[in-house]
> 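Can you keep this structure in mind? I'll have questions shortly.
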Amino acid sequence: MTELPSPRGAEVGRRIGVGLMYGLWRPRVLGAWRMPATGPAILAVNHSHNIDGPMVMGVAPRPTHFLIKKEAFIGPLDPFLTGIGQLKVDRTTTDRTAVTRALGVLENGGVLGIFPEGTRGEGDFASLRAGLAYFAVRSGAPVVPVAVLGSTERPGRLVKALPALRSRVDVVFGDPFEAGDGSGRRTRTALDEATERIQKQLTEHLVNARRLTGR
């Protein structure tokens, strides 16, 4: 039996995130009401900076379990990230333990956070991995697009790897949507079609988010 990440731990992580993100920067959160108040949901977050995940954890209205690359679980960060309900994933292979645990989060009505681009990049959703489509089609959970904007605009003076202190970071939540076609099919074709559908929705959301925030 694969042990599932702790919902209570994720709530603790959310509270830590609230304190850190609002203490160090000035998050502006738009559309958080669009996130389903109950039941399973998948947050699909663009990824251009290391703080994007913690930022969403801190501003999302519900505790979130993010799939995070195993390389981040080093030293004291390993028990910390595990303790706050985050999921370690090996991106070099099909990590069955991570898949089982992520599906378990959704089956229990929790929120799963995914960076569908797989790795940090331009944050424009240009290249999606199939993982998001698999989780969405398999679980039937709605996908909520999330755009984090401004985290790479101004590097900090003391710590260049972080955004400038008290700089504004916008987090824009979009309308939830179903990734599957309603048939419940999980074939390669169905997943490819779901990936295309997801990419279209996420790209449109990013365009809207940039227009809304002026970034």
Side-chain angles (χ1 to χ4, degrees), residues 1-5 7 10 31 34-48 52-53 56-57 60 62-70 85-148 172-210:
M1 179 70 183
T2 304
E3 188 181 343
L4 295 181
R34 292 189 170 102
M35 187 171 166
T38 57
I42 299 172
L43 298 186
V45 185
N46 68 324
H47 197 21
S48 55
D52 295 342
V56 173
M57 275 180 68
R62 293 172 60 191
T64 306
H65 304 270
F66 266 97
L67 277 168
I68 302 172
K69 62 183 181 181
K70 70 172 187 178
Q86 305 310 295
L87 294 155
K88 183 191 301 188
V89 61
D90 183 347
R91 297 176 303 169
T92 63
T93 181
T94 303
D95 188 336
R96 298 196 182 283
T97 301
V99 168
T100 302
R101 297 178 82 207
L103 287 172
V105 165
L106 295 170
E107 282 165 16
N108 286 351
V111 179
L112 181 67
I114 294 182
F115 300 112
E117 294 157 291
T119 187
R120 199 154 35 100
E122 294 299 313
D124 58 2
F125 293 124
S127 59
L128 298 195
R129 292 185 166 208
L132 173 54
Y134 174 80
F135 288 119
V137 172
R138 174 85 188 267
S139 68
V143 177
V144 180
V146 184
V148 182
V172 187
F173 290 79
D175 289 317
F177 65 92
E178 302 294 331
D181 60 5
S183 69
R185 290 181 306 136
R186 299 179 200 163
T187 60
R188 170 65 59 193
T189 305
L191 289 178
D192 286 346
E193 288 171 359
T195 299
E196 278 183 38
R197 209 172 288 120
I198 289 167
Q199 184 145 28
K200 181 170 179 286
Q201 294 271 14
L202 297 187
T203 303
E204 284 177 6
H205 172 62
L206 198 54
V207 170
N208 289 336
R210 284 188 171 136

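Starting from 1, each residue takes its place in the sequence as its number.
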> Can you list the steps and then say if H205 with V172 is a side chain to side chain contact (heavy atoms under 4.5 Å, CB included)?
CA-CA 9 Å; H205 172 62; V172 187; 3.8 Å; yes
> Enter the distance from Y134:OH to R186:CZ here, rounded to the nearest 0.5 Å.
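Those atoms lie 7.0 Å apart.
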> Does the side chain of L112 reach to within under 4.5 Å of the side chain of L87, using non-hydrogen atoms?
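Side-chain contact under 4.5 Å: yes.
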> Do H65 and L4 come close enough that some side-chain heavy atom pair is under 4.5 Å?
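Heavy-atom side-chain distance check fails, nothing below 4.5 Å.
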> Does K200 pair with E196 as a salt bridge, N-O distance under 4.0 Å?
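Salt bridge: no.
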> Are any of the side-chain heavy atoms of R197 and D181 separated by less than 4.5 Å?
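They are in contact (side-chain heavy atoms under 4.5 Å apart), so the answer is yes.
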> Does N46 reach the main-chain N or O of V148 with its side chain, forming a donor-acceptor pair under 3.5 Å?
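Indeed, once roles are kept as given, a pair shorter than 3.5 Å links the two residues.
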> Can you tell me if R34 uses its side chain to pair, donor with acceptor, with the backbone of F173 under 3.5 Å?
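Pair found, side chain donor or acceptor close to backbone of F173.
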> Can you find a heavy atom in the side chain of M57 that is under 4.5 Å from one in the side chain of Q86?
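Yes, side chains in contact.
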> Between R62 (side chain only) and P36 (backbone N and O only), is there a donor and an acceptor less than 3.5 Å apart?
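The answer is yes, because a donor-acceptor pair under 3.5 Å joins these two groups.
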> Would F135 and V99 count as a side chain to side chain contact (heavy atoms under 4.5 Å, CB included) if you check the C-alpha gap in whole Å, the side-chain angles of each, and the deciding distance to 0.1 Å?
CA-CA 8 Å; F135 288 119; V99 168; 4.1 Å; yes
> Below 4.5 Å, heavy atoms only, C-beta onward: do S139 and I42 meet side chain to side chain?
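Side-chain contact under 4.5 Å: yes.
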> Take D95 and K70 through the side chain to side chain contact (heavy atoms under 4.5 Å, CB included) test and state the conclusion after the steps.
CA-CA 11 Å; D95 188 336; K70 70 172 187 178; over 6 Å; no
> Sub-3.5 Å donor-acceptor pair from the side chain of E178 to the main-chain atoms of A136, do we have one?
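No; judged by distance alone, with no hydrogens or angles, the pair does not exist.
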